[in-house]
Trainee: 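Mind looking over this structure? Questions follow.
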Amino acid sequence: VAPTPADTTQTVLQKTFNLKGSATFPFEIPAHAAQPHLHGIFESSAGSGPGPSSDNANIDFLILNQEQQTDFANHRESEALFSLEASHNQAVNFDLPPSMNQPVKYYLVFRNPGGSKDSKVVQANFRVDF
């Protein structure tokens with residue numbers, strides 16, 4: 001693993017979206033990234049638009065690798081690299097493993113907990129530094 005050029009930043013997700021079940025956003029870390037670091041913030045609100053958040057706006061947030069994403073997509077139990085449960089406003093700072101000689105794919109997953117049928121609106125802004 002060799003360090004990548006200083007001040008390399010990639011936008012992973014900058015979006016406002018409706019969340020009914022779950023939403024998955026893939027991103028890739030290039031090969032030879034010695035210290036990839038994901039950071040960002042999300043905020044969710046109940047109903048059809050941004051507004052004051054409360055516990056009824058809570059969602060789950062996961063960071064998954066490829067294997068974990070496959071398990072998640074096939075409804076198999078698996079651990080996540082990182083997870084937050086029942087949150088509606090959270091800052092995230094997470095060091096990802098070095099990528100070695102191959103690029104590595106990761107996934108940001110936002111999930112409406114407990115099978116909630118109520119739609120949520122999520123504003124998310126995430127970047128990765130390497």
Side-chain angles (χ1 to χ4, degrees):
V1 177
T4 53
D7 299 327
T8 302
T9 299
Q10 171 186 334
T11 298
V12 172
L13 179 63
Q14 190 169 8
K15 186 174 186 174
T16 299
F17 57 95
N18 290 320
L19 180 66
K20 195 143 187 125
S22 66
T24 302
F25 300 94
F27 67 99
E28 194 169 270
I29 301 297
H32 307 292
Q35 297 176 334
H37 179 79
L38 178 75
H39 58 95
I41 189 166
F42 70 87
E43 183 173 353
S44 62
S45 57
S48 60
S53 293
S54 64
D55 286 347
N56 62 348
N58 284 349
I59 61 173
D60 298 336
F61 172 76
L62 309 164
I63 302 172
L64 305 176
N65 63 24
Q66 184 67 59
E67 182 180 337
Q68 293 163 336
Q69 169 58 22
T70 300
D71 287 343
F72 179 82
N74 291 304
H75 307 289
R76 292 190 298 258
E77 289 294 320
S78 178
E79 292 198 18
L81 292 175
F82 179 87
S83 65
L84 289 168
E85 294 183 357
S87 181
H88 57 266
N89 186 350
Q90 191 71 44
V92 175
N93 284 293
F94 183 72
D95 289 325
L96 296 162
S99 59
M100 307 303 228
N101 292 327
Q102 301 265 341
V104 180
K105 199 167 199 177
Y106 293 101
Y107 301 83
L108 301 181
V109 177
F110 298 85
R111 180 175 56 190
N112 211 346
S116 174
K117 303 293 184 214
D118 297 330
S119 183
K120 314 258 176 32
V121 175
V122 180
Q123 293 176 313
N125 187 353
F126 284 86
R127 297 185 186 285
V128 65
D129 297 325
F130 38 83

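Nothing fancy with the numbering, it's 1 onward along the sequence.
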Trainee: To the nearest 0.5 Å, what is the distance between CD on Q69 and NZ on K105?
Mentor: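 Spacing of CD (Q69) from NZ (K105) equals 9.0 Å.
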Trainee: Would you say I63 and L13 are hydrophobically clustered, going by side-chain heavy atoms of ILVMFWY under 4.5 Å?
Mentor: yes
Trainee: Under 6.0 Å between ring centres: does that hold for F25 and F17?
Mentor: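 Between F25 and F17, the centre distance is under 6.0 Å.
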Trainee: Which atom names give the shortest non-hydrogen contact between V122 and S44, and what distance separates them?
Mentor: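 Of all heavy-atom pairs spanning V122 and S44, the closest is CG2-CB, 4.0 Å.
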Trainee: Return the set of residues passing side chain to side chain donor-acceptor pair (under 3.5 Å) with H39 (not counting sequence neighbours), or none when no residue passes.
Mentor: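 Result, side chain to side chain donor-acceptor pair (under 3.5 Å) vs H39: D129.
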Trainee: Rounded at 0.5 Å granularity, tell me how far NE2 in H37 sits from OG1 in T9.
Mentor: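 Atom-to-atom, H37:NE2 and T9:OG1 are 10.5 Å apart.
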Trainee: Hey, quick one: are L81 and L84 part of the same hydrophobic cluster, counting side-chain heavy atoms closer than 4.5 Å, chains of contacts allowed?
Mentor: yes
Trainee: Kindly assign one of parallel, tilted or perpendicular to the pair F42 and F110, based on the angle between their ring planes and the thresholds 30° and 60°.
Mentor: perpendicular
Trainee: What heavy-atom pair brings N18 and S119 nearest, and what distance separates the two atoms?
Mentor: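 That would be CB-OG, 4.2 Å.
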Trainee: Might you point out which heavy atoms bring L19 and N112 nearest each other, and give the distance in Å?
Mentor: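 Shortest heavy-atom separation between L19 and N112 comes out as O-ND2, 3.7 Å.
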Trainee: Of all the heavy-atom pairs spanning A33 and S99, show the shortest one and how long it is.
Mentor: N-OG, 2.9 Å
Trainee: How many angstroms lie between atom CZ of R111 and atom CG of N58, to the nearest 0.5 angstrom?
Mentor: 13.0 Å
Trainee: Taking the side chain as C-beta and beyond, is there a heavy-atom pair between L96 and F27 under 4.5 Å?
Mentor: yes
Trainee: Can you tell if the side chain of I41 reaches within under 4.5 Å of the side chain of N89, non-hydrogen atoms only?
Mentor: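 Counting from C-beta outward, I41 and N89 do come under 4.5 Å.
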Trainee: Establish, from distance only, whether the side-chain atoms of T11 and Q14 form a donor-acceptor pair under 3.5 Å.
Mentor: no
Trainee: Hey, mind stepping through F130 and Q10 against side-chain contact (heavy atoms from CB on, under 4.5 Å) and telling me if it holds?
Mentor: CA-CA 8 Å; F130 38 83; Q10 171 186 334; 3.6 Å; yes
Trainee: Is there a side-chain contact between L108 and T24, using heavy atoms and a 4.5 Å cut-off?
Mentor: no
Trainee: Do you reckon V128 sits in the same ILVMFWY cluster as Y106, going by side-chain contacts under 4.5 Å, direct or chained?
Mentor: yes
Trainee: Under the side chain to side chain contact (heavy atoms under 4.5 Å, CB included) test against E85, which residue among I59, D60, L62 passes?
Mentor: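 Single pass found, and it is D60.
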Trainee: Please list every donor-acceptor pair under 3.5 Å in which a side-chain atom of residues 72-79 meets a protein atom from a residue at least two apart or in another chain.
Mentor:
from	atom 1	to	atom 2	distance (Å)
N74	ND2	T70	O	2.9
R76	NE	D71	OD1	3.1
R76	NH2	D71	OD1	3.0

Trainee: Which heavy atom of P97 sits nearest to which heavy atom of P36, and what is that distance?
Mentor: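 In this case the closest contact between P97 and P36 is O-CG, 3.4 Å.
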Trainee: State, to 0.1 Å, how close N65 and Y107 come at their nearest heavy-atom pair, and which atoms those are.
Mentor: O-CD1, 3.9 Å
Trainee: Between F61 and F126, does the ring centre distance come in under 6.0 Å?
Mentor: yes
Trainee: Measure the spacing between CG of D95 and CG of L38 and express it to the nearest 0.5 Å.
Mentor: 9.5 Å
